[in-house]
Amino acid sequence: MTAPGRPADDERPDPRRLTSVEQRIDAAAHRLLAGAPEHGGRAKLLEFLVFGAKQAWACVFGAALLAVIVAARLWYPDDAWLARNDALTLAAVAIQLVMLATRLETGRELWVIVLFHLTGTAMELFKTDVGSWSYDGDGVLRIGAVPLFSGFMYAAVGSYMVRVYRLFDLRFARYPRRWLTAIVAAAIYANFFGHHFIVDFRWVLLAAVVVLWWPTMMHFRVWRRVHRMPLLVAFGLVALFIWFAENIATWGGAWLYPDQVDGWHPVSASKLVSWFLLMIISVVLVTFVYRPREPDAPAGR
């Protein structure tokens with residue numbers, strides 16, 4: 001749960017962290033809500049609705065990609081001349097181009113998203129080779145057994161991370177040193193490969209994450225108030241929603257785990273730990289684009 005919010009010294013997020021399109025949307029929203037109540041139940045409801053709208057806006061890339069996967073499952077013809085996986089790849093490229101053309105993402109953020117894409121694809125190549133999961137064998141836009149759209153699923157996580165950082169004007173109290181977080185993130189990434197050959201260190205790494213980020217409190221601006229939440233709780237919540245999205249994607253046939261080949265069923269809850277650890281890699285990559293900032297000092301200090 002979030003701590004009680006305090007009024008923001010400035011109700012608007014830092015305009016330098018919004019794209020030109022987002023600045024226009026932000027200005028229109030402020031005009032629309034200028035007369036909204038500042039206290040009471042209606043004010044709290046407004047904060048909740050704005051929070052939901054910002055979250056939806058932050059995950060627009062992932063939501064669009066997930067919608068395409070579901071639509072392909074429901075309506076894409078089996079006898080189409082273009083293989084389903086190739087159609088998904090072209091759709092993912094189109095979504096990314098639209099995000100850039102409409103200035104929903106900046107060029108600076110694109111580099112992080114590309115890095116997510118590359119690190120994700122490298123892991124996909126290894127994981128499919130050892131049988132952790134599999135894709136349909138159709139299509140030509142692929143590397144080995146991995147269709148190219150798979151990298152965009154990791155890119156969607158990267159897109160969400162950089163966008164939520166901007167939209168909520170995230171600040172962090174007692175954030176650990178970045179070089180320490182980079183070491184832990186590199187160890188997590190290595191363990192995704194290494195546990196197939198040596199001891200699985202995921203629980204050791206999970207403990208290291210808890211120790212490192214336990215003191216960190218995240219401050220996030222919604223509308224008129226800045227709220228606080230332990231950063232570890234935020235990691236867990238995002239991992240949970242990625243797991244929900246993974247269930248939709250596997251139902252849509254984007255990929256399958258070995259125990260889903262004979263018939264779909266929900267992804268094991270044990271995958272939540274994997275997604276939680278993957279979140280750490282995501283967060284660390286983003287902090288090298290947006291350096292973690294301390295919260296503003298309370299008025300009067």
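Side-chain contact between L148 and D86: absent, with no pair of heavy atoms (C-beta onward) separated by less than 4.5 Å. Here the side chains of Q55 and F241 are not in contact, with every heavy-atom distance at 4.5 Å or above. Between I188 and F192 there is a side-chain heavy-atom pair separated by less than 4.5 Å. Looking only at side-chain heavy atoms (C-beta outward), V238 and W275 stay at 4.5 Å or farther from each other. Side chains of W255 and T128 form no contact here, defined as non-hydrogen atoms less than 4.5 Å apart. The shortest side-chain heavy-atom distance between L88 and P147 does not fall under the 4.5 Å cut-off. The side-chain heavy atoms of M99 and V60, taken from C-beta on, include a pair separated by under 4.5 Å. V164 places none of its side-chain heavy atoms less than 4.5 Å from the side chain of F220.
For R178 and F288, the positive end sits near the middle of the six-membered ring, less than 6.0 Å away and at most 45° from its axis.
Scanning for side chain to side chain contact (heavy atoms under 4.5 Å, CB included) contacts around W179 gives R177, I183, with sequence neighbours left out. Residues passing the side-chain hydrogen bond (donor to acceptor under 3.5 Å, both in side chains) test with W214: none are found, sequence neighbours excluded. For V267, the side chain to side chain contact (heavy atoms under 4.5 Å, CB included) partners are W243, E246, N247, T250, Y257, Q260, K271, not counting sequence neighbours. Every residue meeting the side chain to side chain contact (heavy atoms under 4.5 Å, CB included) condition with R202, not counting sequence neighbours, appears here in chain and number order: N191, H195, D200, V273, S274, L277. Partners of S282 by side-chain hydrogen bond (donor to acceptor under 3.5 Å, both in side chains), not counting sequence neighbours: none found.
Between Y189 and F193, the ring centre distance stays below 6.0 Å.
Among pairs with a residue in residues 83-120, those fulfilling ring pair (Phe, Tyr, Trp, His ring centres under 6.0 Å) read H117-F152, at least two apart in sequence or across chains.
Rounding to the nearest 0.5 angstrom, the gap separating the CG atom in L205 from the CD1 atom in I280 is 10.5 Å. Once rounded to the nearest 0.5 Å, the distance linking CG of L49 with NZ of K54 reads 13.0 Å. To the nearest 0.5 Å, the span separating CZ on F244 from CG on L272 amounts to 8.0 Å. For the atom pair CG (L115) and CD1 (I281), the distance works out to 10.5 Å, reported to the nearest 0.5 Å. Taken from CE in M279 to CG in L231, the straight-line distance is 8.0 Å, to the nearest 0.5 Å.
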Item to check | V209/V184 under side-chain contact (heavy atoms from CB on, under 4.5 Å): CA gap, chis, key distance, verdict | outcome: CA-CA 7 Å; V209 168; V184 171; 4.0 Å; yes

Checklist entry - Given H196 and F126, is the ring-ring contact (aromatic ring centres under 6.0 Å, His included) satisfied, shown in steps? => result CA-CA 10 Å; H196 290 279; F126 176 81; 5.3 Å; yes

Next on the checklist: Between R84 and D78, is the salt bridge (Lys or Arg N to Asp or Glu O under 4.0 Å) condition met? List the steps.
Outcome noted: CA-CA 8 Å; R84 178 175 174 273; D78 294 333; over 6 Å; no

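F235 and W213 have perpendicular rings, their planes meeting at more than 60° on a 0 to 90° scale where under 30° would count as parallel.
When the side chains of ILVMFWY residues are joined at heavy-atom separations under 4.5 Å, either directly or via intervening members, F51 and W57 end up in a single hydrophobic cluster.
Side-chain polar atoms of E294 and H219 form no donor-acceptor pair below 3.5 angstrom. W133 and E124 share a donor-acceptor pair across their side chains, judged by distance under 3.5 Å alone.
In R103, the CZ atom is not crowded: 12 or fewer heavy atoms of neighbouring residues, nucleotides or ligands sit closer than 6.0 Å.
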